[in-house]
Amino acid sequence: MNNITMTSAAGNRIISLLDAGSFVEIGGAVTARTTDFNMQEKDTPGDGVITGYGVIDGNLVYVYSQNAAVLNGAVGEMHAKKIANIYDMAMKMGAPVIGLVDCAGFRLQEATDALEAFGSLYLKQTLASGVIPQITAIFGTCGGGLSVIPALSDFTFMEAKSAKLFVNSPNVIPGNEISKCDTSSPKFQSEQTGLVDGIGTEDEILANIRTLITMLPCNNEEDASYNECADDLNRVCSSIENAKEDTAIVLAEISDSHIFFETKKEYAKDMVTGFIRLNGMTVGAVANRSKVYDAEGNTAAEFDGSLSAKGARKAAEFVEFCDAFNIPVLTLTNVSGFNAAKCSEKTLAKNTAKLIYAFANATVPKVNVIIGKAFGSSYIAMNSKSIGADMVYAWPEAEIGMMDAGLAAKIMYADSDAVTQKEKAAEYRELQSSPLSAARRGYVDTLIQPADTRKYVIGAFEMLFTKRDERPAKKHGTV
């Protein structure tokens with residue numbers, strides 16, 4: 001093990017991330033091999049990146065950590081080849097890859113050699129996608145072509161104070177400079193681009209990665225993500241209907257020991273995505289959200305209950321990840337329609353199509369619980385029975401149908417007085433919008449009390465454990 005590199009910030013991050021004493025370095029003696037521009041006179045231990053393997057809670061992982069103390073962490077030919085080698089080993093062993101990024105960009109002295117080697121890393125990441133989990137954490141600069149690395153990963157984290165992520169520097173963008181809008185900041189990348197799952201201190205990020213690794217399968221064929229359940233499988237979740245507007249709370253309540261790992265937490269907050277445990281099994285969760293409550297129970301953010309373009313995209317990408325790694329999917333549906341906004345309209349149809357495709361194409365067990373409104377095509381997109389949900393439950397106060405009963409009555413009986421419209425609304429609600437009406441037609445399998453939600457969804461996933469679902473033979477879809 002290279003003592004010089006392991007005592008650097010890059011080495012300390014690896015030591016903090018992995019189980020004590022488990023790291024084994026690979027390629028520690030590698031240095032830059034170019035001699036152009038007097039490069040032979042520069043000391044390049046490890047060529048600016050530490051690579052190797054270790055374990056997290058007993059799970060094998062491969063790690064690379066860029067060393068900013070060596071040429072500012074700039075990527076050269078051997079630097080990129082070391083990372084590519086780690087990917088080759090991870091694919092053979094079926095283990096996740098974790099990248100700890102702190103880099104000044106490509107090494108100018110090596111030009112095409114560096115570009116060619118780094119291009120091979122794009123290829124390795126592409127081949128690994130859907131086969132092994134890929135996690136990237138940014139602690140310094142990640143700019144230009146390197147910004148594609150987290151975009152090709154499954155999960156990305158940024159250190160709150162020093163991390164920068166950008167394709168073009170904020171000052172290079174026409175009409176902008178960093179004091180106007182810091183497009184490289186963790187805040188911008190987590191709230192606006194949807195590329196970042198979480199921000200925090202270095203210790204918080206490393207802790208989050210450790211937690212995530214213990215919840216994810218090690219690859220797409222073998223699942224080591226199960227954990228012994230110490231919680232009551234029939235635990236009553238009293239009064240969870242009072243939190244139906246903030247479904248992150250509901251998901252935490254029904255999960256084993258209230259475990260909920262939320263992904264893309266600051267992006268499209270009207271849609272919740274993340275991982276929970278049910279009887280020890282990791283389950284991917286997708287849920288509509290109309291309010292965000294803070295730690296004191298006050299409303300921190302509020303939404304209109306509609307399906308937004310960003311929310312649909314966020315959910316679609318998450319479902320695709322779950323399906324690739326055989327992680328069952330649970331949805332909590334409470335959606336009133338489509339978001340009506342000029343900005344959303346630009347991509348709403350396309351992103352809704354991606355969401356529908358993701359759910360319909362997924363062959364993993366899929367369970368839907370309708371906890372509130374379920375209106376129109378936005379409801380269909382949220383893992384409805386019609387696009388392939390295996391089990392659909394509904395709370396007694398749910399509303400399922402084309403639209404709100406009052407609005408439907410006004411449209412159908414536009415020329416009638418208010419009393420008549422009110423009567424017809426009640427009739428429409430009973431005949432067309434009630435969960436019992438949907439259940440009578442087979443669109444809902446069972447009506448359940450909110451307090452029994454945990455018991456029912458655990459039972460459903462236990463029943464669906466051996467599910468087999470074939471799809472038409474094709475290379476891949478094009479949605």
What's the spacing between S16 OG and I205 CD1 if we round to 0.5 Å?
12.5 Å
Any luck finding a side-chain donor-acceptor pair between D182 and S184 under 3.5 Å?
yes
Are I98 and I213 side-chain neighbours, meaning at least one heavy-atom pair lies under 4.5 Å?
yes
Please name the residue in the list K124, K92, Q134 that meets the side-chain hydrogen bond (donor to acceptor under 3.5 Å, both in side chains) test with Y87.
Q134
Side-chain (T331) to main-chain (V286) donor-acceptor, under 3.5 angstrom:
no
With ring-ring contact (aromatic ring centres under 6.0 Å, His included) as the rule and sequence neighbours excluded, what pairs involving residues 246-268 come up?
none
Looking at the rings of F166 and F188, which for Trp means the six-membered one, are their centres under 6.0 Å apart?
no
Would D270 and S308 count as having a side-chain donor-acceptor pair, cut-off 3.5 Å?
yes
Taking the six-membered ring for Trp, is the centroid-to-centroid distance between F461 and F465 below 6.0 Å?
no
Decide yes or no for L278 and R454: does some side-chain heavy atom of the first lie under 4.5 Å from some side-chain heavy atom of the second?
yes
What distance separates M382 CE from S377 OG, expressed to the nearest 0.5 Å?
14.0 Å
So, are K314 and E317 salt-bridged, with charged N and O less than 4.0 Å apart?
no
Please determine which of K385, K467, K366 meets the salt bridge (Lys or Arg N to Asp or Glu O under 4.0 Å) test together with D390.
K467
Under 3.5 Å, side chain of D154 to main-chain N/O of I135, donor-acceptor pair present?
no
Using ring centroids (six-membered ring only for Trp), state whether F321 and F155 fall under 6.0 Å.
yes
Applying side chain to side chain contact (heavy atoms under 4.5 Å, CB included), can you list everything that pairs with V131, at least two apart in sequence or on another chain?
M91, N220
Distance check, rounded to the nearest 0.5 Å: L348 atom CG versus L307 atom CG?
6.5 Å
With sequence neighbours excluded, residues passing side chain to side chain contact (heavy atoms under 4.5 Å, CB included) with S162:
E159
Atom OH of Y443: over 12 foreign heavy atoms under 6.0 Å
no
